[in-house]
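Worksheet: the structure to be examined is printed underneath.
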Amino acid sequence: MPIDVERSGHVATITLNRPDVLNAFNTEHLSALHSAIDQLSADREIRAVILTGAGERAFAAGADIAEMRTKSPSEALEFSLMGHGVCKAIEAAPQPYIAAVNGYALGGGCEIALACDIRLASENAALGQPEVTLGISPGWGGTQRLTRLVGPGIARELIYTGRRVKAEEAARLGMVNAVYPLAELMSKAMEMAESIAANAPIAVSRSKDAISRALDVELDTGLEFEARIFALCFDTTDQKEGMSAFLERRKATFTGR
Ligand code: COA
């Protein structure tokens, strides 16, 4: 299977599994990833998702160059829109996605990591948008999401040069939140996923939605949206449970209702 999905309690882990080509995405792989995301989005038991790559060398080394080489412009457009679809499915998912970047995250691999809510990297990770070295421009959101994440100055440099950024520099630039030894990466990602999953799922999910809007709308519109979703949280059982548990000095048990 090009994509593996494992569940552990309220956390799911998606593993990109084409290690022979450093988990590069062909159409089948990309489509399987989209289906896995859609299935998890419909699964109310899952409250956080970790996305990682099989093996110890790569998260994903990008779109499959062997498959892409002979594409016509119209096929390339379709492939770009397919990649956009996967990235938007991650962003629209009710659960936060943590990319556990365990090696190369290049081109489409970097773009899919950029669509995740949080990126954690191993010390051997390297991120980048090398498309211009292949005669193409980024096609799965790199020009937009990298720019939003690190600002236009750094995004322009990285995209125009195609330079790979090692984990420590990626952390300094804000491309990844933290860097761990490779052997610890998955346990750190799981620890973070479980701490998210212990919180009220509707509140987390609505927070994700509001944060996603922050960069797309002007401040007043964003604040109005925030006030509405804040108010809607007061219509949940979990709000009553969370506040009662605090006042009764016990741990809250959230049910997602
Ligand atoms: N598409 C298709 N195959 C890829 C690939 C990609 N994006 N990235 C790596 N592979 C394949 C290689 O062709 C090689 O296959 P082979 O063993 O059958 O020859 C295998 O994965 C291992 O890669 P290799 O290049 O031998 O490893 P390396 O350690 O020398 O270099 C990278 C690793 C990631 C630096 C290098 O593979 C690379 O630059 N890949 C392309 C990255 C890229 O440009 N991505 C953007 C695409 S839009």
Side-chain angles (χ1 to χ4, degrees), residues 1-7 11-40 49-69 71 76 79-80 82-91 93 97-131 133-134 136 138-142 145-146 158 162 164-167 170 175-176 179-190 193:
M1 282 293 283
I3 300 290
D4 294 331
V5 179
E6 270 178 61
R7 290 170 165 80
V11 177
T13 302
I14 302 178
T15 304
L16 308 171
N17 191 8
R18 286 186 81 212
D20 292 351
V21 286
L22 303 182
N23 305 319
F25 290 98
N26 61 16
T27 308
E28 183 200 352
H29 192 204
L30 195 57
S31 162
L33 175 59
H34 200 150
S35 300
I37 294 165
D38 284 349
Q39 277 174 23
L40 293 175
V49 180
I50 298 170
L51 180 57
T52 194
E56 301 199 334
R57 297 199 55 214
F59 174 80
D64 188 321
I65 299 167
E67 187 191 270
M68 252 189 323
R69 187 164 61 104
K71 283 195 188 300
F79 196 47
S80 172
M82 238 184 123
H84 287 174
V86 168
C87 293
K88 287 186 196 174
I90 291 171
E91 289 172 336
Y97 271 63
I98 300 172
V101 181
N102 57 316
Y104 292 113
L106 302 176
C110 185
E111 288 165 310
I112 285 175
L114 291 172
C116 292
D117 294 83
I118 295 160
R119 282 152 297 283
L120 304 180
S122 56
E123 286 167 347
N124 65 319
L127 295 88
Q129 300 291 158
E131 286 87 347
T133 69
L134 298 165
I136 57 173
W140 293 355
R145 292 192 182 87
L146 185 60
L158 296 183
R164 292 202 290 262
V165 169
K166 290 189 179 151
M175 287 175 80
V176 303
V179 180
Y180 300 106
L182 180 60
E184 289 173 25
L185 178 67
M186 289 312 288
S187 60
K188 293 290 185 189
M190 185 55 78

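FYI, the numbering just counts along the sequence from 1.
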Testing V21, N17, D64, I3 for side-chain contact (heavy atoms from CB on, under 4.5 Å) with H29, which one passes?
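Testing each of V21, N17, D64, I3 against H29, the sole residue satisfying side-chain contact (heavy atoms from CB on, under 4.5 Å) is I3.
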Is R18 paired with E28 through a side-chain N to carboxylate O contact shorter than 4.0 Å?
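Result for this pair is no, no salt bridge flagged.
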Is any side-chain heavy atom of [Y] closer than 4.5 Å to one of [X]?
| X | Y | result |
| --- | --- | --- |
| I14 | L40 | yes |
| P130 | R164 | no |
| Q129 | L158 | no |
| I37 | Y97 | yes |
| I112 | L30 | yes |
| L146 | M175 | yes |

Going by atom types only, do N124 and S122 share a side-chain donor-acceptor pair under 3.5 Å?
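Yes, because at least one side-chain N or O of N124 sits under 3.5 Å from a partner of the opposite role on S122.
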Ignoring hydrogens and geometry beyond distance, is a side-chain donor-acceptor pair present between T15 and E6 at under 3.5 Å?
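Side chains of T15 and E6: no pair found under 3.5 Å.
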For the atom pair OG1 (T52) and CG (N102), what is the distance rounded to the nearest 0.5 Å?
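It comes to 3.5 Å.
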Over 12 foreign heavy atoms within 6.0 Å of CD, E56:
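Atom CD in E56 is not packed in, count stays at 12 or less.
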So does K71 have more than 12 non-hydrogen atoms from other groups sitting under 6.0 Å from NZ?
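Counting other residues, nucleotides and ligands, NZ of K71 exceeds 12 neighbours.
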Could you walk me through whether F59 and L51 pass the side-chain contact (heavy atoms from CB on, under 4.5 Å) check?
CA-CA 9 Å; F59 174 80; L51 180 57; 4.0 Å; yes
